[in-house]
Structure formats: structure tokens, C-alpha cells
Number of protein chains: 2
Amino acid sequence: MVRMATRATSTAEPRPRLSRERVLRAAIAHADAGGLEALTMRTLAEELEVAPMALYRHVANKDDLIDAMIDVVFGEIDLPPAGADWKTAMRRRAISVRDVLSRHRWAIGLMESRRNPGPANLRHHDAVIGRLRAAGFNIEMAAHAYSLLDSYIYGFALTKMNLPFDTSEEVAQVAESMLQPFPVNEYPNLVEFITEHAMKPGYDYGDEFEYGLDLILDGLERDRNAA
Amino acid sequence: MVRMATRATSTAEPRPRLSRERVLRAAIAHADAGGLEALTMRTLAEELEVAPMALYRHVANKDDLIDAMIDVVFGEIDLPPAGADWKTAMRRRAISVRDVLSRHRWAIGLMESRRNPGPANLRHHDAVIGRLRAAGFNIEMAAHAYSLLDSYIYGFALTKMNLPFDTSEEVAQVAESMLQPFPVNEYPNLVEFITEHAMKPGYDYGDEFEYGLDLILDGLERDRNAA
DNA sequence: ACCACACAGCGTACATCGTACGCTCATGAG
DNA sequence: CTCATGAGCGTACGATGTACGCTGTGTGGT
């Protein structure tokens, strides 16, 4: 057989070299599109036009891959801006987290669970704590604030992610199929809530986020001043 | 071979009949002990001294099993008591959710995500909404309150579940192994936070829960009165 | 007391998954 | 040009969910 071109002189597009970067990018895109359970080493390899085992030159195993994916996600979150007052800074960070998580729904529930946090993860936590301390929160209040804010932010993302609808039109369908197996009027408050609120045009559960966020920030401000 | 006793007259303990109840109970115990990923149809069957395929007479498939497990968990949550004022009622429910989730960590993240909610799930939501409405929350405020409370409760459970330690002693170990790959003083605020707060004797992250819960309830009360 | 049947429990088999192990060549340093 | 390195891969194995259809048992009808 004639020796093949060693430097990709032929027209056949030379598949670009694999790299940890490329693997991560493809994995995240895949998970964004189909969820974590759609991400298998085999499908990922196929997408990269590579044999499954080739991936293992760049990630130790699937867990290592996911750890790394999570750290990329952390890297996409805006750190709290340094100039603004603390409430504005925390508000901006919170909204950035929400936005990032809505792009990467599969990451919710994993963000806080990694036993091997990456540098972006640690830098993020460091920056938030630092910002609170600089704003005059003592350590204990900073702990309160961080716990409360992150619980809310991640919890909101978690509950919202799981809502199987986005618009008020979809609500009707989903609600009906959920309630269909049960007797009518078994759950009157739930039904009223759905029909009188969630199904109203323009309803978007996502809008709830800022109400709670501001309530929390106001409460924290009061307590900080009282301390 | 001699015909075996058909009515379990021998001393060999007659394995009790399988039932959906028994399958669910064993599955929950298994998940409580080893997490969801330890729950496989085979190990579950083994625990019940039954062949794997026997389970499928009682659950349609693994997803159906998990749906049912989640509904059992919902059933363990105390509904908001009817007598007390709304804040007390909501507080009691919130703490009950937290307690239940701490018994069933594997359920966190699934509670709000089932597309086929069971009766206990729906009854729970119905009762909470009803209690808020009865306390004078209009529909919109009830939506705010419920969203905020549940986001916080589930978010707290999520972030706490993932913390790989419970006591202040464990913090040191875990923190060191997390930070060990990185240069000293790369994350000064985080280090200060850990050494000056989380490692103090008596520290228990779980104690943060009630601080945030009360802050939220107070904020909701203010807004309800203002409306 | 008998029988027929419904159905609980099961054995076998298969597709899919993560990944251990070690081979093969292409590539870049000398 | 030579040769060591390491990227990419082929094969194979154990785990997992579950489809399919058999078997033997307990039960209700007579």
C-alpha cells in the first residue's frame, strides 16, 4: 500500500488532534443538548470522530470528565464585581449563577457536590466570601449570608429545572396529565393555583427568582446593620 | 424427589410473599444506606432473596420504582398543621422537609423533578398552598412564598447533602485534601473562613438552616402585611 | 375433592455502559 | 535517518436494565 500522507496533504480533512479542551467542550455541548444521561463515553467519542478509548488519554475516567466539566461551568460565572456596593455585587453574581445554570441544567445538583473542586470553583467561593467580608460582614454573618444565598440560588435552579414547562401554555397540558389519574377536586388549592395563576398569559416561573433574591438581600442588610 | 411442603410446614422459613410495599421498603432502605447509585435491580432482588426479574411483577421498571419511592418520601413529610398561625405552620413543615430529606439524601434533586407525581406529592403541595391562602396570602403572594420557601429548603438540603463532612473535626481533613493541589495562599478568604469558622468546635453547617428560614418567613410576613 | 387457570417468580439472553490492557504507528528530538 | 514517546485504538470483560416466555403454585368454581 502506498504510504499515506503524513502531514495531511490530501484533501481528506485531517481530523484535528484531540485535546482535553476539545473533549470538555464537546462533552458540555452534548450534556447541554441531551442531559447528563445522554452523555456516554461512546456517543462523545463518536461526536469527536474518535474511538471511545481515545478519550481516556485526556480524562482519567468519566468522573474526572464531569469534575472538569463542572469547573468549566464555574468559570463561566461572573465573580461579584468589586466596585459596586455589596448588594449590587451579590445580586449580579446570583443572577449570573442562575443564567449559567439555565444554560447547563445538567450541572445543577453537581456544582456543590464535587469532592475534587477545581480552581474556578475555589476561586469563585473565595471571591464571594472576600466580597462579603470587605463589605463589613463578620465571619459568622458571612457564613449566614453565603449559606442562605447559595441555598436559594441552587434550590431555585433545581426546582425550576425540574418544571417540565416554561410557558403558561405548556402549563395546562402538563398539569392536566399530572392530575388526570386523580379524582376531580381532590386537590382544589392546587387546581385553583394552576388555573388562576400559572396558566395566566405571561406567567413565567423564572420571574419568581428576583422576588426571593431581593427579599433575602434586604433581610441580610437589616441583620448586618443590626449586628 | 419427595414433594416439598406446599404450605411451609417445614422449619425452613418460608420467604414472605413479594409485594409492591416490600419492594419499596427495601429499595428505600437500600438507597438510604448506599445512595441511589448503589440501588440496582440485582442487589435489590438479592436483598429480598428473589430473582431480579421477580421485581418486575411489582414495578413497571426502575423509573416507576423511583417515582414510587419519592412518593413514599413525600408521605413522610408533615403537612402544615392547621391550628397554628401560618408562620409556625410553615416553619414546622419546612423543618419536617429538612428532616425527611436528611433521612433520604438520595431523594434530594428528585423530589421536584418527577413527571409523574404521586398522590402524597400532590396532597402535600395542595395543603401548603391551601394553608397560605387561608392565612390571607393572595395567589400571587402565595406563589412568591411557596417558590421562595421551597427553593431555600431544597437548596439547603442540596448544598448540605453534598458537603462531605458533618462535624468540625472532619472539616479540617476534607478542606486540606481539597486545597492541597493548589498553592498556599491562593484562596486566602476561603482559608480564613475554614480555619476561623468551620473548624471551630461545635460548628455544624446544619445550624444555618433556621437562620435563613426565619429571615425568609419574616420577610414574607412584612410583604403580606404591606400588600 | 377435584380441576383449570391466573399469576408470582424465574432463567435466559441481549443491548448498552464504563473501562482495563496492551498494540501500532505517527511524530518530533537528536 | 533513527528511535523513543505517546496518541489513538481494538478487543474484551463485568455490570446493568429489562424483554420474553416457561413453570409451578395457590385459589375459586364445581
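The figures here come from the full heavy-atom set of this structure, side chains too, leaving out hydrogens, waters and symmetry mates. Proteins get letters first, then strands, A, B, ... in listed order; numbering begins at 1 in each. Everything numeric in this text was worked out from a predicted model, so none of it was measured.
- Applying the salt bridge (charged side-chain N to carboxylate O under 4.0 Å, His left out) test to residues at least two apart or on different chains, the pairs with a partner in residues 58-71 of chain A are R20(A)-D64(A), D67(A)-R114(A).
- Contact check of residues 51-62 of chain A against DNA chain D (heavy atom, cut-off under 4.0 Å) returns A51(A), M53(A), A54(A), R57(A), H58(A).
- Looking at residues two or more places apart in sequence or on another chain, you find no ring-ring contact (aromatic ring centres under 6.0 Å, His included) involving Y56(B).
- With sequence neighbours excluded, the residues forming a ring-ring contact (aromatic ring centres under 6.0 Å, His included) with F182(B) are Y187(B), listed by chain and number.
- The list of salt bridge (charged side-chain N to carboxylate O under 4.0 Å, His left out) pairs with a residue in residues 173-194 of chain B, not counting sequence neighbours, reads R133(A)-E192(B).
- For R91(B), the side-chain hydrogen bond (donor to acceptor under 3.5 Å, both in side chains) partners are E210(B), D214(B), not counting sequence neighbours.
- The ring-ring contact (aromatic ring centres under 6.0 Å, His included) test applied to F209(A) returns Y152(A), F156(A), not counting sequence neighbours.
- Atoms CZ (R20(B)) and C1' (dA8(C)) sit 16 Å apart, rounded to a whole Å.
- Listed by first then second residue, pairs satisfying salt bridge (charged side-chain N to carboxylate O under 4.0 Å, His left out) with a partner in residues 196-208 of chain B number zero, not counting sequence neighbours.
- Contacts between residues 36-46 of chain A and DNA chain D, counted as heavy-atom distances below 4.0 Å, involve no residue at all.
- A search for ring-ring contact (aromatic ring centres under 6.0 Å, His included) contacts involving Y154(A) returns nothing, not counting sequence neighbours.
- Protein atom CZ of R22(A) is 13 Å distant from nucleotide atom C1' of dA7(D), rounded to whole Å.
- The list of salt bridge (charged side-chain N to carboxylate O under 4.0 Å, His left out) pairs with a residue in residues 35-58 of chain A, not counting sequence neighbours, is empty.
- Just one of I95(B), V100(B), L101(B) meets the side chain to side chain contact (heavy atoms under 4.5 Å, CB included) condition when paired with R98(B); it is I95(B).
- When the P atom of dG6(D) is taken as reference, atom CZ of R17(A) falls 12 Å away, rounded to whole Å.
- Of all the residues in residues 23-34 of chain B, not one reaches under 4.0 Å from DNA chain C with any non-hydrogen atom.
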